[in-house]
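One structure is given below, encoded as structure tokens.
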Amino acid sequence: MRKLLGKYILLIMVIFNIFFITLFSAFIYEMRINEEKDALETVVNQVESIVGVNSERDKGANTLFVDDYVNRAKAIAKLIDVGTNNNPTNDELREYAKEIEVADIFFVDKYGSIVASSDNISVGLNFYSDTRLNEFIPVIESKEPDAYYVQKENAYSMLGGKKMIYIGVKLFGTTDGMVQIAVYPDKLDNYIREFNVSSLMKNMPTRDNLIIFVADLNTGELKGATNISEESSYTISEENLNILKSYNKDVGRIEVKGVKNLVYPKEFNDYLIVGISELESIVNSIFLQTVFFGILALCMITIVICSIYKLLSKFIISDMERLVESLELFLKGSLNVKFDVKNRTELYQMAEGLNRLVKNYDSRAERISGIVSAMGNRFGIYEYNYSINHLFFSDNLPDMFEISKEEFERAILNFYLDEDGNLRKGIDRVTGIIETYSGRKIKVERMQSEGVYYALLRDVSAEIKEKEKVSQEMRRIINLAEKDSLTGIYNREKSTELINEFLDKQNDKGVLLLFDLDNFKRVNDEKGHPEGDRLLKQFSSIIENYFREEDVKARLGGDEFIVFIPNKINKDVLERKLSEFLEVCRKDMNSLYKEQNLSVSIGVAYIDINTKSYTDLYKSADSAMYKAKRLGKGRYYINEPYANCMETDCNSCKKDCSRKNSKKED
């Protein structure tokens with residue numbers, strides 16, 4: 001009890017401490033986040049004012065660059081103008097390019113074709129046919145001697161993917177056309193390096209956990225940043241750029257390389273100014289404050305809880321421990337327990353109630369045995385209360401199951417409980433028969449109600465024996481009604497019933513075989529009726545073994561047998577089967593074949609559209625039998641014409657039927 005209470009006290013201490021620490025952490029965290037948001041907004045606004053001033057200085061640097069390189073291009077144009085009437089060579093243009101410090105020089109004629117180039121490979125390109133060069137056509141066609149054009153955006157080398165800046169100037173004089181020069185972009189960077197945003201941001205002092213950067217609002221290209229190296233080669237992805245734009249003038253959160261940050265972006269002209277503050281440093285600071293507060297709160301809660309524990313231990317815990325010890329004995333099955341407490345608290349009333357409960361359970365087994373005595377010794381009752389693990393049963397049950405009292409208790413508990421002592425599933429209501437060592441049958445009807453399991457047991461050995469006896473007699477009577485008493489196969493009545501049931505279902509596939517033992521009367525006359533009966537049994541056994549279980553096999557009377565095959569069978573298969581059957585008969589009854597000239601004749605009839613009943617089918621098979629005997633006995637005949645006439649004499653008959661016609665053919 002004390003251990004349990006100690007665990008709960010510890011749990012309460014932990015819960016209260018977690019609650020106060022969480023509340024304190026949330027308050028501190030919210031306060032620090034708001035402070036950091038204000039700091040981000042202030043710094044970004046400062047950068048905005050500085051970038052605005054610096055943008056004007058950037059424009060001046062661009063103007064100086066353009067003026068310088070346009071003059072260089074014009075110098076080359078003038079040099080070409082005062083030369084000979086011949087076009088400059090590629091080698092000459094390469095020398096000029098080195099002198100004016102440009103990447104390449106292209107000489108374009110008045111038709112827009114490059115006729116000379118310092119790079120050799122671009123010769124032949126035409127400004128009118130190549131869409132990449134169309135921007136310079138106005139310079140070629142211009143009549144102004146100072147016409148020029150500078151292509152800085154989206155300009156790439158003519159035959160490659162390297163970014164370049166192209167400047168074209170009008171060519172006048174002895175040779176009309178245009179001179180174009182290619183300049184590496186870093187030349188422009190040299191002009192604006194002292195005035196660009198990158199230099200500004202690098203020299204701007206900030207905290208270690210704070211990053212401020214300026215990016216192109218449309219492309220995401222980083223223009224400058226604090227605390228980031230090599231920012232000129234860095235470009236913000238389109239996804240992150242859209243996220244930052246969505247936070248415009250509002251503090252949000254973003255994750256960069258797995259690190260969570262506060263972010264405050266602001267759009268200014270063509271720039272996106274972003275302030276980022278790492279949350280990790282804020283969290284670390286909050287963590288230290290939280291640890292200090294948690295230790296203080298834990299000390300205070302510990303003092304309060306320990307004071308409460310001492311009071312509980314003095315007035316309640318000792319009595320509860322005594323009650324628990326007695327209750328454990330009671331749950332283990334012992335009824336010789338007493339619940340006692342020292343202090344007259346609410347626990348005293350609980351102890352009195354538990355004592356009355358024990359007394360009531362102590363007399364439960366006696367009451368159950370009294371009920372059984374009134375019902376008779378063939379009955380028994382038991383009750384199992386799973387919640388308190390108590391089993392009560394009538395005194396006669398161990399004797400009824402022919403085991404000891406301890407074995408009976410163990411068997412009942414094993415039925416309800418698994419190896420771990422847990423209640424088995426699916427036993428709420430189960431009825432079954434249990435057989436004892438001596439063969440006695442005990443019927444068990446189990447019931448359940450609110451965690452208590454009951455069972456009524458009854459000795460039904462005599463009842464079961466009587467039922468088995470009646471069942472055997474019924475089976476014997478049914479066999480007599482359905483089976484031939486001599487051979488054990490179906491009789492005429494049962495076979496007629498089965499075949500008619502088959503035909504009533506409008507089944508149109510099946511065949512009836514009618515067997516007759518030729519010269520059977522001679523066997524009876526010469527060998528005696530016992531030998532004739534033995535022959536009938538032997539023949540029925542041959543039929544049973546040779547034909548399938550689902551085929552209907554019957555003795556119609558005397559030496560007449562039938563087999564009905566209830567499915568389709570082809571004529572060639574049937575003929576082979578009947579030939580094999582006749583051979584089996586000759587082999588098994590060989591002596592009678594020789595001595596009494598015994599043989600088997602078979603008439604075969606298929607079901608057809610005219611077959612309405614067993615009688616129709618039998619007539620057709622009988623006609624076939626007649627034909628088989630006329631053909632010499634010991635053979636089969638398949639009644640394909642379906643002649644159903646039963647007349648013995650066809651000579652005086654005036655009917656025109658298939659049987660009469662087949663007889664004439666004989």
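By the 6.0 Å and 45° rule, R630 does not stack over the aromatic ring of Y637.
Between Y546 and the choices E580, K553, K577, the side chain to side chain donor-acceptor pair (under 3.5 Å) rule is met once, by E580.
S246 contributes a side-chain N or O that, together with a main-chain N or O of I243, makes up a donor-acceptor pair within less than 3.5 Å. For the pair N570 (side chain) and D572 (backbone), a donor-acceptor distance under 3.5 Å is absent. In this structure, R424 contributes its side chain and N414 its backbone to a donor-acceptor pair below 3.5 Å. Judged purely by atom type and a 3.5 angstrom limit, D559 has no side-chain atom pairing as donor or acceptor with the backbone of F520. In this structure, Q596 contributes its side chain and E526 its backbone to no donor-acceptor pair below 3.5 Å. Judged by distance alone, with hydrogens and angles left aside, the side-chain atoms of E531 form no donor-acceptor pair with the main-chain N or O of G528 at under 3.5 Å. R458 contributes no side-chain N or O that, together with a main-chain N or O of E445, makes up a donor-acceptor pair within less than 3.5 Å.
In plain terms, the two heavy atoms of A628 and S601 that are nearest each other are CB-CB, 4.5 Å. Closest approach of F561 to T487, counting heavy atoms only: CE2-CG2, 4.3 Å.
Using a 4.5 Å cut-off on side-chain heavy atoms (C-beta onward), I489 and I543 make no contact. Looking at E435 and I464, their side chains never come closer than 4.5 Å, going by heavy atoms from C-beta outward.
Heavy-atom neighbours of K537 NZ from other residues, nucleotides or ligands within 6.0 Å: at or below the threshold of 12. Shown here is I433, whose CD1 atom has more than 12 heavy atoms of other residues, nucleotides or ligands within 6.0 Å.
A salt bridge links R555 to D484: at least one charged side-chain nitrogen sits closer than 4.0 Å to a carboxylate oxygen.
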Name each donor-acceptor pair under 3.5 Å that joins a side chain in residues 497-515 to protein atoms two or more places apart or in another chain, with its distance.
from: N500; atom 1: OD1; to: Y614; atom 2: N; distance (Å): 2.8
from: N500; atom 1: ND2; to: T496; atom 2: O; distance (Å): 3.2
from: N507; atom 1: ND2; to: F502; atom 2: O; distance (Å): 2.8

